[in-house]
Amino acid sequence: MQHDDPLTDLAGVGPALLKKLERLGLYRVEDLLFLLPLRYEDRTQLIKLGALAAGTRCLVTGEVLLSETVYRGRRNLLVRIGDGTGQLTLRFFYFSRSQQAQFQSGVHVTCFGEVRKAPKGFEMIHPEYRVLREHQDPAVNESLTPIYPATEGVQQGRLRNLTDQALVRMQKSPPVELLPREILNKLAMPSLADAIVFLHRPPPDADVALLLAGKHPCQQRLAFEELLAHYLSLKNLRALAKTESAPALVDGKAEVDNFIGDLPFSLTSAQHRVVDEILSDLQAPHPMMRLIQGDVGSGKTVVAAIACLKAVACGVQAAIMAPTELLAEQHWRSFSDWFRPLNIEPAWLSGSQRTVARRESLTAIEDGSAKVVVGTHALFQEGVTFKQLGLVVIDEQHRFGVHQRMALRDKGVGDRGQPHQLVMTATPIPRTLAMAAYADLDTSIIDELPPGRQPVKTIALPDSRREEVIDRVRSACAAGQQAYWVCPLIDESETLDYQAAEASYEMLSAALPDIRVGLVHGRMRQAEKERGMQAFKEGLIQLLVATTVIEVGVDVPNASLMIIENAERMGLSQLHQLRGRVGRGSIQSHCVLVYKPPLGHIAKSRLAVLRKTNDGFVVAERDLELRGPGELLGTRQTGLPDYRVANLVRDADLMPRVQIAAEAIRRQLPDNANAIVRRWLADVNRYGKV
Ligand code: ADP
Ligand code: MG
């Protein structure tokens, strides 16, 4: 089989089906081989009716003993079958006359379905069934039945038929094995072709439990290659950057030293170390591609500012992009304060900007009079032309994907090459995931908080103790401090979020008449939000009721109390981020996680993790462990693309071996490395050139 045989080569694929298959991400015959079943059903053996167990799905056969309709609110058809070892009831809520007539006493049927405990023995509700002709043997399947990911209008039978055809073609010319024998042996994994056949048509003795957990060596074999493909493509990107040119930023030492000396605080040693790493990258004539990981409040912004200053001192422009307007605006303010003494006025660019202001910014960006530009996604959209962009800083990287990073990079410095890239994240991700997500980047870690900060104390309270929580707010505000009250997230709906926030706002305003309460939510216009946040920053508002819009990066050192309602509904990382809004000043801060009992097992563990640790990396590791294997880390959380077979949570433990294999293949078999990337990423073209 050629790897690009079109699906129309297969029997039964017409234009209509083709469209539906494309919706499943299937374009070529080979793609079908990589469309793996979600689960399997065992129709390879008949289970004796005396040996049924509730909760299992199985194939049975028996003779009809009795068939009757009964009224249980509505008409039910009950068919009792027996096989000499036991009995089973088939229950139908919907049935036709002819169906009913089929179940004559004495005929034989085979059924497949889920066994449930009923008041009298076991039953199957709406089983798949077949009435057997006299002396006909109930046929069993030779392999486990694969259940494929469904798409509208493509039935399982059709998908089985198509994969059958693809598997037959594969036997004539199997997909090329791209992993070297050596590596396969070391990993004790099957060959690609064996793995594919096995997963599509597992033999009756296959370990179903292992398959369902996604931990079968055949599944791991494919996941391994997919992770490898992504890793290699990111490494290619990294290698490509090393061959590209970028302006070598060597001047400006005095400016940078003076700037650091004039700051109202001295840098932590972690900040110093990271600044040095950045400055040394910037001196090279190739684009820097560096990631700063640093917990919330570790002081990444000032590090970014130093990098920007270096760029400006060397005569190129610097742009900093943040994921929300609120955050971008905060950066703009910090940068304005820090750079004002140097006569550098940062320009502002955002989606909601008015036309006149926007045009002004665009002109300044284009003619180079804007040396530093702060903004949102608006920065990398069409129509934004930089005179000489030399440095791109992307804050809260996890909110952007690799593609967006690339888009900004492409606004490069023309004849002087690509801009340097600095990306920052306050969402520490476990080491194994970082390998997968940031393989194209060098990493710096700010693992130290500015001095004088006390770790936030975290407690969890049931919502029946809301009065106590309100008392805490009252006394914190009476002591001159400020508080956040974060409202529940309801079904990802901005409208409902807003209503919940509004209700809390009213409740708190009534309960705390002496306290100035403000409200900020996602549905407000940008200017309104800003006004609210600004008022909170200036202390005009003492208690800020908010939806999770404040999640990222907002900095108000006088806020020492964080209340989070319905904490049981939020993920660990999100809770940690929210908690990071307090503990930024020198006062002891508290975080109160208010929950609605009863707590499930996972929710309980999550809250316990937060009570026990303030370390973002520990939180991230525990977050990974606490996610079920079905809970994917999507693009949104990590900047990672979606995977076809691999599941980063489930397969994270493969990453160290992926990394080792990738280095070996790159060195010894560069052609294979490229072919692996093409096999898994060709259509998607996710990371650009290979
Ligand atoms: P994050 O890493 O979460 O983006 P920020 O850059 O917003 O953190 O910094 C948090 C706060 O700490 C800001 O008010 C910042 O000015 C302050 N800060 C940064 N570095 C230091 C330092 N070395 N000493 C004291 N305060 C600092
Ligand atoms: Mg920040």
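Residue numbers start at 1 and run along the sequence shown. Owing to the predicted nature of the structure, the values given are computational and were not obtained by experimental measurement. Note that ligands are numbered from 1 as they come in the structure, with each ligand's atoms numbered from 1 the same way.
Looking at R453 next to ligand 1, an N or O pair under 3.5 Å apart turns up. Annotation: G299 places an N or O atom under 3.5 Å from an N or O atom of ligand 1; distance criterion only. Annotation: V302 places no N or O atom under 3.5 Å from an N or O atom of ligand 1; distance criterion only. For the pair Q271 and ligand 1, the shortest N or O to N or O distance falls below 3.5 Å.
Atoms of ligand 1 found under 4.0 Å from any heavy atom of S266, numbered from 1 in the order shown, are 22 (C), 23 (N), 24 (N). Near S298, meaning under 4.0 Å from any of its heavy atoms, are these atoms of ligand 1: 2 (O), 8 (O). Set against the non-hydrogen atoms of L267, the atoms of ligand 1 under 4.0 Å away are 23 (N).
Side-chain contact annotation: H331 with D395, donor-acceptor N/O pair under 3.5 Å present. Checking S269 against E448 by side-chain atom types alone, a donor-acceptor pair falls below 3.5 Å.
Ion pairing of K310 with D281 is absent here, as no side-chain N (NZ or NE/NH1/NH2) approaches a carboxylate O to less than 4.0 Å.
When non-hydrogen atoms are compared, ligand 1 lies under 4.0 Å from the backbone of T301 as well as from its side chain.
Counting heavy atoms from C-beta on, the side chains of N614 and D295 never come closer than 4.5 Å. Using a 4.5 Å heavy-atom threshold, the side chains of V473 and L508 count as separate.
A heavy-atom separation below 4.0 Å is not found between G294 and ligand 1.
Comparing K300, Q293, R584 by heavy-atom distance to atom 7 (O) of ligand 1, the nearest is R584.
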Inset, instruction - Walk me through it: do R474 and D471 pass the test salt bridge (charged side-chain N to carboxylate O under 4.0 Å, His left out)? - result: CA-CA 5 Å; R474 190 178 291 119; D471 283 342; 2.6 Å; yes
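The side chain to side chain contact (heavy atoms under 4.5 Å, CB included) test with Q542 singles out one residue from N558, V517, I515, and that residue is I515.
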